[in-house]
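Working notes, beginning with the structure itself.
Chain letters run A, B, ... following the sequence lines, proteins first and then strands; every chain starts at 1. Being a predicted model, the structure only gives us computed values, none of them experimental.
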Number of protein chains: 2
Amino acid sequence: MGEKLTAVTMKTLANKLGVSVTTVSNAYSKPDRLSSELRDQILATAKDLGYCGPSAAGRALRSGKTDVCGFLFRGGISSAFSDPYSIMLLAGLSEAVEVYGASVLLLRAPAADEEDNQVVRRAAIDALVVGPTYGQESEIEALRQRGVRIVRTEPSPEDDWVTINDAKAGRLVGKHLAQLGHHRIAVIAPADTDEDVDVFDYSPDRLDSRITPQPWETERVRGLWEKLPGAHLQVALARDCTRQAGREAAAAVLDVQDRPTAIVALSDVLALGVWDAASERGLTPGRDISIVGFDDIPDAAFLGMTSVHQPITDKGRLIGRLAMDPDYPQRQITLPVELIVRSSTGPAPKN
Amino acid sequence: MGEKLTAVTMKTLANKLGVSVTTVSNAYSKPDRLSSELRDQILATAKDLGYCGPSAAGRALRSGKTDVCGFLFRGGISSAFSDPYSIMLLAGLSEAVEVYGASVLLLRAPAADEEDNQVVRRAAIDALVVGPTYGQESEIEALRQRGVRIVRTEPSPEDDWVTINDAKAGRLVGKHLAQLGHHRIAVIAPADTDEDVDVFDYSPDRLDSRITPQPWETERVRGLWEKLPGAHLQVALARDCTRQAGREAAAAVLDVQDRPTAIVALSDVLALGVWDAASERGLTPGRDISIVGFDDIPDAAFLGMTSVHQPITDKGRLIGRLAMDPDYPQRQITLPVELIVRSSTGPAPKN
DNA sequence: ATCGTTAACTTCATCGATCAACTGGAGGTT
DNA sequence: AACCTCCAGTTGATCGATGAAGTTAACGAT
């Protein structure tokens with residue numbers, strides 16, 4: 001009987017007060033278009049009736065604004081949350097987006113073999129942040145046509161982006177290791193595969209053929225290679241981008257006769273795993289073996305990891321700003337990188 | 001001239017194919033209501049015209065479903081991302097929510113002193129996950145009236161929840177420390193304040209008056225107290241729930257004449273800070289001083305922290321299920337806790 | 001006295017999709 | 001032959017709000 005048969009809408013308020021629906025709408029979104037007395041009266045009545053402001057759906061449909069910024073994860077959500085890099089990026093992004101009164105919607109990108117996922121197409125968003133390249137460009141294209149602004153973390157001709165110079169990051173590491181006299185070097189790269197750890201001698205083509213080529217990965221290795229002419233460069237593929245996977249991959253290159261004198265992990269999470277693997281074998285990082293990471297996440301810095309710093313949180317903030325503000329002047333941005341030398345690297349052992 | 005004046009909608013498709021809009025709609029959401037030939041034809045045409053599926057706004061308005069689950073953060077987003085607990089919870093939540101084809105929307109709860117934030121009211125969500133209690137119940141109430149399902153991480157008469165028995169968690173720790181012979185104990189509690197570290201002798205009332213009473217905090221201390229009759233229990237308030245804050249708070253209780261023999265941090269992140277503070281003073285956890293945390297996060301487990309384990313990711317998953325499935329039978333769930341004894345606790349030193 | 005302007009509202013059309021109810025025909029029943 | 005059912009669609013109303021374009025009345029300027 002006394003059930004709530006109809007929801008409270010602007011119409012309810014309008015009828016009760018004898019004003020038009022538009023006026024009620026204005027009370028919320030354009031306060032200067034009506035007398036403040038009436039506005040107060042409307043808001044008071046709203047509170048009385050339990051009306052909690054304009055419905056997002058109606059508003060979104062009519063005005064086309066949702067005040068939501070999508071964040072597209074590659075692979076599973078779990079992978080995103082297991083890497084401090086993603087988390088810090090997300091933190092910066094949220095912070096910036098919040099300033100515009102918007103929120104962040106986490107979207108899972110379908111894996112390459114999944115059928116097109118409706119989750120992304122169905123998202124009600126004003127802008128979409130796309131992480132490291134991910135096959136399904138057609139979905140993104142469709143969203144773009146619908147007026148969704150796209151912001152990427154890698155250069156792209158059509159969209160806005162905020163990135164770092166990954167090749168330079170690689171070169172910084174290469175130069176550092178060259179100066180320390182390292183010649184036998186292993187690279188740990190994430191591969192997103194279930195297979196066993198795979199180790200092979202580096203060449204650009206071979207790397208591309210083994211992993212879904214992610215620009216940030218190939219660029220980093222390329223830069224590294226550039227500054228290490230004549231070095232013996234191996235690549236070990238890690239199952240995914242986690243500490244444990246880094247540990248396993250490192251094990252594969254450490255447990256051989258002529259182990260490398262330096263190990264470069266393409267991200268700090270992997271580098272932490274390398275550290276674990278080294279410690280377990282009684283090797284002291286920086287003395288018996290050099291370890292370098294990328295991204296300079298706090299956990300690694302804390303241990304004394306030599307790493308290429310990038311302003312991750314600032315990157316997130318900038319991305320958020322680009323996403324929410326179509327008038328922000330600079331729309332394709334490269335942030336600086338810097339090698340932070342700590343205790344995990346040292347001269348190559350002389351044996 | 002050739003600008004895109006009108007977006008491609010279902011109407012566009014319907015006109016082009018000479019069918020009704022409803023049929024186009026059905027092609028997407030009710031495939032069994034039309035012949036598969038026609039459906040294929042519609043989808044093909046959609047691809048041709050660059051139509052990317054039903055607009056979320058229209059769909060949300062008419063059907064009332066958004067396929068979005070809100071997650072309300074207390075305090076700033078930054079605090080949420082700085083605690084592995086939140087992140088693991090979020091990971092589990094996302095994973096579960098995804099199964100229902102939905103996504104997670106991150107919402108920042110306004111601080112107590114901010115004016116009501118529209119972000120929350122404007123959110124287009126089917127369900128809302130509310131973390132540790134947060135003042136603005138009226139906003140939540142309004143959403144509830146609009147049909148948004150509320151799921152909490154703490155017991156609540158009106159809503160669904162998934163929680164742990166915090167008092168029991170406290171008792172487990174208390175019992176453990178009692179058995180080890182500890183009598184001088186300090187508790188590190190997060191306070192969300194900018195003031196200096198504050199240390200005082202424990203009593204339920206005093207604790208409540210110092211911090212915004214969060215049930216999980218007060219319950220944990222209460223349980224602890226229960227199993228430590230006659231012990232000298234101090235409380236030190238940490239600025240917030242970060243490692244650094246834990247370190248500072250621990251410093252305040254360590255740098256005194258009769259320092260406690262055991263320190264209980266109300267969360268593992270804080271406990272890590274305590275560990276740092278102890279190490280800096282040359283104290284070995286488990287021998288010179290015992291340290292206990294809660295939540296059993298990987299970083300702490302890795303170091304050997306004694307902690308009360310709770311299935312955080314599963315908690316997130318369950319919360320997601322409750323949020324997305326109104327028919328899930330059990331709607332108020334208490335998950336088990338378990339004390340994991342590691343190297344950070346040991347017998348109280350005899351001096 | 002007339003015109004222009006502004007404040008404070010109202011009217012009307014519309015955003016894009018979905019639901020409830022209905023239709024025409026093919027096929028099966030009794 | 002009359003009746004029922006199911007399939008494959010159609011029609012029309014509607015979700016809740018907002019932008020564009022009026023409409024008043026009051027006021028000041030000329």
Side-chain angles (χ1 to χ4, degrees), chain A residues 4-15 17-42 46 49-67 118 121-124 126 142 145-148, chain B residues 4-15 17-42 46 49-67 118 121-126 142-143 145-148:
Chain A
K4 178 191 57 178
L5 293 173
T6 36
V8 183
T9 76
M10 285 195 176
K11 200 169 175 180
T12 323
L13 293 193
N15 288 344
L17 288 167
V19 299
S20 76
V21 182
T22 302
T23 298
V24 178
S25 171
N26 286 336
Y28 284 94
S29 44
K30 290 167 192 160
D32 52 327
R33 292 225 182 149
L34 38 60
S35 63
S36 55
E37 305 153 26
L38 181 52
R39 186 176 125 95
D40 292 346
Q41 208 180 343
I42 290 175
L49 300 183
Y51 179 70
C52 73
S55 120
R59 187 182 123 88
L61 177 57
R62 183 64 242 247
S63 72
K65 296 222 82 184
T66 59
D67 287 334
Q118 309 214 310
R121 342 187 70 130
R122 286 210 166 152
D126 291 340
Q145 284 217 342
R146 213 170 246 185
V148 173
Chain B
K4 179 190 55 178
L5 293 173
T6 35
V8 184
T9 76
M10 285 195 176
K11 200 169 175 182
T12 323
L13 292 191
N15 288 343
L17 289 167
V19 298
S20 76
V21 183
T22 302
T23 300
V24 178
S25 171
N26 286 337
Y28 284 94
S29 44
K30 291 167 191 160
D32 52 326
R33 292 225 183 150
L34 37 60
S35 64
S36 56
E37 304 155 25
L38 181 53
R39 186 176 124 96
D40 292 346
Q41 208 180 344
I42 290 175
L49 300 183
Y51 178 71
C52 74
S55 121
R59 187 182 123 88
L61 177 57
R62 184 64 244 250
S63 73
K65 295 221 82 184
T66 59
D67 287 335
Q118 309 214 310
R121 341 186 71 130
R122 286 207 166 156
I125 48 180
D126 291 340
L143 284 176
Q145 283 218 343
R146 213 171 246 184
V148 173

Heavy-atom side-chain proximity of [X] to [Y] below 4.5 angstrom:
| X | Y | result |
| --- | --- | --- |
| T23(A) | I42(A) | yes |
| L17(A) | V24(A) | no |
| D67(A) | R59(A) | yes |
| Y51(A) | L13(A) | yes |
| Q145(B) | C52(A) | no |

Working to the nearest 0.5 Å, report the span between [atom1] of [X] and [atom2] of [Y].
| X | Y | atom1 | atom2 | answer |
| --- | --- | --- | --- | --- |
| T66(B) | I125(B) | OG1 | CD1 | 7.5 Å |
| N26(A) | S20(A) | CG | OG | 7.5 Å |
| S25(B) | R62(B) | OG | CZ | 10.5 Å |
| Q41(B) | L34(B) | CD | CG | 11.0 Å |

Rounded to whole angstrom units, what separation is found between the [atom1] atom of [X] and the [atom2] atom of [N]?
| X | N | atom1 | atom2 | value |
| --- | --- | --- | --- | --- |
| R122(B) | dT18(D) | CZ | P | 7 Å |
| D67(A) | dA17(D) | CG | C1' | 14 Å |
| R62(B) | dG12(D) | CZ | C1' | 11 Å |
| D32(B) | dC7(D) | CG | P | 9 Å |
| K11(A) | dT18(D) | NZ | C1' | 15 Å |
| E37(B) | dA8(D) | CD | P | 9 Å |
| D40(B) | dA8(D) | CG | P | 13 Å |

NA contact type, L61(B), heavy-atom cut-off 4.0 Å: base, sugar-phosphate, or nothing?
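Base contact - L61(B) has a heavy atom under 4.0 Å of at least one base atom.
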For K65(A), answer base if it contacts any base atom (sugar-phosphate contacts may also be present), sugar-phosphate if it contacts only those atoms, and nothing otherwise; contact means non-hydrogen atoms under 4.0 Å.
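The answer is nothing, as K65(A) stays clear of every strand by at least 4.0 Å.
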To the nearest 10°, give me the bend of the helix from dA1(C)-dT30(D) to dT30(C)-dA1(D), comparing the axes of its five terminal pairs at either end.
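Rounded to the nearest 10 degrees, the bend comes out at 40°.
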Nearest non-hydrogen partners of G58(A) and S55(A), listed with the distance
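Nearest heavy atoms, G58(A) then S55(A): N-OG, 3.1 Å.
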Within the distance-only criterion (no hydrogens, no angle test), does the side chain of R39(A) pair as donor or acceptor with the backbone N or O of A27(A) below 3.5 angstrom?
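Yes: the side chain of R39(A) pairs with the backbone of A27(A).
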Positional range of nucleotides in DNA chain C within the contact set of chain B, heavy-atom, under 4.0 Å:
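First and last nucleotides in contact are dG16(C) to dC19(C).
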OP1, OP2 of dA17(D) versus side-chain N and O of Y51(A): anything below 4.0 Å?
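For dA17(D), OP1 or OP2 has a side-chain N or O of Y51(A) closer than 4.0 Å.
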Strand contacts (DNA chain C) in residues 18-27 of chain A, 4.0 angstrom heavy-atom criterion
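Residues of residues 18-27 of chain A under 4.0 Å from DNA chain C: G18(A), V19(A), S20(A), T22(A), T23(A).
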Both G58(B) and L38(B) contact DNA chain D. Which one's nearest nucleotide lies toward the 5' end?
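Between the two, 5'-proximity favours L38(B).
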